[in-house]
2 protein chains.
Amino acid sequence: MSHFCLPSGMHRSDITKVAPLVRRRVRVLKGDALFHPGDAADAVYAVRVGTIKTCITTASGRNQVVTFHLPGEIIGLESLVQVTHACRATALEDTSLCLIPSDVLKAQAVHIAPLRNRLLEAFSHEARHQRDQAVMLGQMTAEERIATFLLSLSERLSARGFAASEFLLRMSREDIGSHLGLKLETVSRILSRMGGAGLLRVRARNVAILDRDMLEHVSQGLRPLLPRTQPQAPRMTM
Amino acid sequence: MSHFCLPSGMHRSDITKVAPLVRRRVRVLKGDALFHPGDAADAVYAVRVGTIKTCITTASGRNQVVTFHLPGEIIGLESLVQVTHACRATALEDTSLCLIPSDVLKAQAVHIAPLRNRLLEAFSHEARHQRDQAVMLGQMTAEERIATFLLSLSERLSARGFAASEFLLRMSREDIGSHLGLKLETVSRILSRMGGAGLLRVRARNVAILDRDMLEHVSQGLRPLLPRTQPQAPRMTM
DNA sequence: CGTACAGTTGATAGGTCTCAAGCCGCGTGG
DNA sequence: CCACGCGGCTTGAGACCTATCAACTGTACG
């Protein structure tokens with residue numbers, strides 16, 4: 001339940017709470033990086049408009065999308081603790097962010113109790129989010145992962161005032177797959193399948209959720225898998 | 001690299017730092033629970049002797065081992081932020097822990113800067129750990145996962161002064177599988193395979209790492225999979 | 001209008017799961 | 001002390017899901 005709403009970063013209200021600390025705005029063009037692995041980690045960011053993905057590269061050179069950051073969400077909390085970034089943060093569309101220098105944030109946290117608590121909460125939230133992601137990757141099928149992912153996107157977007165049931169996927173099929181531990185072909189197939197089953201309407205990167213209840217059932221594995229090819233006569237009378 | 005040393009909780013030195021705050025000791029017998037989901041989350045624990053597993057149950061009723069907590073590691077950091085536990089913490093052997101009430105910890109953190117930083121670090125560490133877990137589940141094969149898991153155990157045990165290359169698995173094959181997103185049969189098969197290949201010596205829950213270099217190669221997918229059946233004559237001269 | 005890239009779809013291969021049978025170690029009780 | 005039974009573990013055969021390889025379509029952009 002509560003483990004499976006997978007938004008990341010702080011809540012909406014957090015943005016306004018720390019508003020006085022914001023030092024400047026940053027713009028990142030589609031495809032450009034906000035920071036690279038190895039860069040000095042000296043600021044925390046909040047997405048104002050746009051979308052950012054953070055990717056990590058493993059020792060063996062494989063890449064994985066760790067998180068998609070939507071408007072209102074926080075990036076780079078780790079810079080309060082570490083000196084360099086481990087991830088690469090890339091803009092999926094032209095994006096503008098608020099920048100708060102991490103030393104300012106740390107200095108202010110000494111005096112302001114609510115801010116301290118907010119930081120703890122944000123970290124805790126991040127840990128929970130990553131744990132839920134691990135649980136998802138550990139035991140969900142491809143269909144369950146994609147259903148969960150779409151519902152999470154829907155929820156987070158609607159929390160920011162966007163339409164809950166019709167939205168644009170800012171990321172490629174490959175990005176989605178990377179985030180969910182799947183290949184792009186599998187993502188594509190399952191989106192098509194969900195479209196065919198009437199759960200979604202998918203046209204390129206436009207997605208409309210047509211049957212949210214059913215999608216939730218799928219996300220919890222309560223439903224036999226959707227038909228792989230066409231349904232056929234399910235079982236003849238012997 | 002640094003992403004794949006997967007210890008959880010604070011470092012060794014943390015234990016002593018917060019020693020004055022410790023209010024009492026707790027003992028949990030093998031198989032018993034330290035706390036259940038829904039229980040009030042009002043304390044943070046540090047393992048003194050023994051091993052604890054924390055499990056989460058998803059909305060669909062499936063269970064997953066989130067973390068194994070070895071001596072020196074921290075449990076229940078979330079209680080600084082949340083009022084109830086989401087996980088179940090179970091002892092894998094008779095275990096004794098230090099208990100620090102979370103309100104005491106929070107109160108002290110107001111005055112003691114190093115403690116504050118420690119808490120942030122611990123949270124950040126936890127988030128990183130969970131992220132690495134997600135990356136592992138997202139793209140590693142069963143062999144890579146198990147190699148990574150064994151190396152992580154070895155590293156964490158040796159950090160606490162235990163032997164690095166020969167240790168006892170406190171958890172069942174099923175627990176390992178649950179933690180790694182695999183079934184117990186797969187865990188068993190792969191341990192056997194690694195034994196047969198000379199990387200390990202496995203007898204029941206005793207594990208000895210015989211070829212750490214090779215195990216590291218396997219953990220990074222740099223090696224063609226170990227032979228599935230018996231090694232046979234590796235390759236005859238045609 | 002053609003190139004390039006993202007996405008779709010098909011056929012096949014491969015890894016892990018499932019189901020099933022047996023083995024082993026250990027605690028219990030005769 | 002040994003027989004027994006149970007849970008944890010091993011091993012095998014087959015099915016299933018997802019990856020892989022490949023062809024093709026559509027679409028954005030020069």
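Lettering follows sequence order; numbering is per chain, from 1. The figures here come from the full heavy-atom set of this structure, side chains too, leaving out hydrogens, waters and symmetry mates.
Taking atom CD of residue B/E143 and atom P of nucleotide C/dT16, one finds them 8 Å apart after rounding to whole Å. Between A/E174 atom CD and D/dA19 atom C1' the separation is 14 Å, expressed in whole Å. We find that CD1 of A/I146 is positioned 13 Å from P of C/dG7, with the value rounded to whole Å. Atom CG of A/N206 is separated from atom C1' of C/dA6 by 14 Å (rounded to the nearest Å). Here the C1' atom of nucleotide C/dA20 and the CD atom of B/E185 are 10 Å apart, to the nearest Å. Straight-line distance from the CG atom of B/L169 to the P atom of D/dG8: 15 Å, rounded to whole Å. Computed from coordinates, the A/M171 CE to C/dA6 C1' distance equals 15 Å when rounded to whole Å. In this structure, the CZ atom of B/R189 is 15 Å from the P atom of D/dC9, given to the nearest Å.
Between C/dT8 and A/R173, a contact under 4.0 Å exists linking OP1 or OP2 to a side-chain N or O. In terms of phosphate contacts, A/R205 brings a side-chain nitrogen or oxygen within less than 4.0 Å of OP1 or OP2 of C/dG7. Listed pair A/S192 / C/dT9 meets the phosphate criterion, a side-chain N or O lying under 4.0 Å from OP1 or OP2. Taking 4.0 angstrom as the limit, A/S188 places none of its side-chain polar atoms (N or O) nearer than this to OP1 or OP2 of C/dT9.
Considering CG of A/L70 and CD of A/E155, their distance stands at 11.5 Å, rounded to 0.5 Å.
A side-chain donor from one of B/S165 and B/R212 sits under 3.5 Å from a side-chain acceptor of the other. In this model, no donor atom of one side chain and acceptor atom of the other lie less than 3.5 Å apart for A/S96 and A/R25.
Place A/G181 and B/T186 on DNA chain D by their nearest nucleotides, and B/T186 ends up nearer the 5' end.
B/G195 comes within 4.0 angstrom of nothing in the nucleic acid, heavy atoms only. Among the protein residues, B/G177 comes within range of no part of the nucleic acid, since none of its heavy atoms lies under 4.0 Å from any strand.
A salt bridge does not link A/E93 to A/K30: none of the charged nitrogens lies less than 4.0 Å from a carboxylate oxygen.
With C/dG7, C/dT9, C/dT16 as the candidates, the nucleotide lying closest to the side chain of B/A142 is C/dT16.
At least one donor-acceptor pair closer than 3.5 Å links the side chain of A/S79 to the backbone N or O of A/A43. Without hydrogens or angle criteria, A/S154 side chain to A/L150 main chain gives no donor-acceptor distance under 3.5 Å. For A/T95 (side chain) and A/T51 (main-chain N/O), a donor-acceptor pair under 3.5 Å exists by modelled atom type.
Five base pairs at each end of the helix from C/dC1-D/dG30 to C/dG30-D/dC1 define two local axes, and these are offset by 30° (rounded to 10°).
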